[in-house]
Amino acid sequence: MDHLKIAPIIAYIGLGSNLAAPVAQIQSARTAIAAQAGVQELGFSSLYRSAPMGPQDQPDYINAVMAIATDLSPMALLRCLQGIENNHGRVRTGEQWGPRTLDLDVLIYGDQKLDLPDLTVPHKGLAERSFVLYPLFEIAPRLVVPGKGPIADLVAACPLARLKRLD
Ligand code: ROI
């Protein structure tokens with residue numbers, strides 16, 4: 001029955017943290033994502049330090065992007081990422097742009113464009129966020145972002161802001 005298997009989808013996850021040892025949060029999230037049933041890690045960017053987008057009276061963020069192959073539906077993947085956020089002490093204050101121990105976003109899900117109540121793919125803010133575009137470009141330089149165009153063009157049009165790749 002092998003021929004009936006559905007090919008996994010390639011998806012990209014954005015990771016961000018600016019509280020409670022952000023580098024450790026991101027590394028632990030990577031391990032947790034890769035350990036999920038139906039998820040296989042394909043790639044992981046460098047870690048980047050970025051100025052907060054939104055209120056400035058919060059610490060700098062650590063950001064990264066992960067490429068996965070997955071059999072999970074978009075909503076199943078989202079729920080799985082929310083579970084990992086909760087396990088990392090994420091407290092949902094209702095403050096939209098506030099600091100967080102761990103933020104996991106479904107940035108891209110194959111070639112799909114989705115506008116569900118809880119999930120928009122590709123991620124709405126993607127084209128304006130250097131802390132998403134640069135790590136994404138690092139691991140997928142030939143990617144075409146559905147509805148938005150080649151990643152190289154998006155990177156070229158997005159100011160670096162205060163983004164620094166960590167070594
Ligand atoms: N700012 C940066 N630099 N990185 C993030 O991951 C991030 N995440 C957020 C908001 C509050 C919008 N700002 C951010 O959710």
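Counting starts at 1 for both ligands and their atoms, in listed order. What you see is a predicted model, and the numbers here were worked out from it, not measured in a lab.
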Taking distance alone, with N or O pairs closer than 3.5 Å, would you say Ala51 contacts ligand 1?
yes
Pro52 touching ligand 1 at heavy-atom level, < 4.0 angstrom:
yes
Are Ile139 and Tyr12 side-chain neighbours, meaning at least one heavy-atom pair lies under 4.5 Å?
yes
Any heavy atom of Asp103 under 4.0 Å from ligand 1? The part involved is side chain
Using a strict 4.0 Å cut-off to heavy atoms of Arg100, name the atoms of ligand 1 that fall inside it.
15 (O)
Could you tell me whether Met53 and ligand 1 have an N or O pair separated by under 3.5 Å?
yes
So, Glu138 versus Ser46: side-chain donor-acceptor pair below 3.5 Å or not?
yes
Stacked cation flag Arg165 on Tyr134, 6.0 angstrom / 45 deg
no
If you take the nearest heavy atom of each of Asn63, Asp60, Leu102, Leu104, which one is closest to atom 4 (N) of ligand 1?
Asn63
Side-chain heavy atoms of Ile108 within contact of Leu136, under 4.5 Å:
yes
Per-atom filter on ligand 1: closer than 4.0 angstrom to a heavy atom of Trp97 are 11 (C), 12 (C)
Heavy atoms, side chains only, cut-off 4.5 Å: are Leu126 and Leu133 in contact?
yes
In terms of heavy-atom contacts, does NZ of Lys148 have more than 12 from other residues, nucleotides or ligands at under 6.0 Å?
yes
Students should be able to answer this: which protein heavy-atom is nearest to atom 8 (N) of ligand 1, and at what distance?
Tyr61 CE2, 3.8 Å
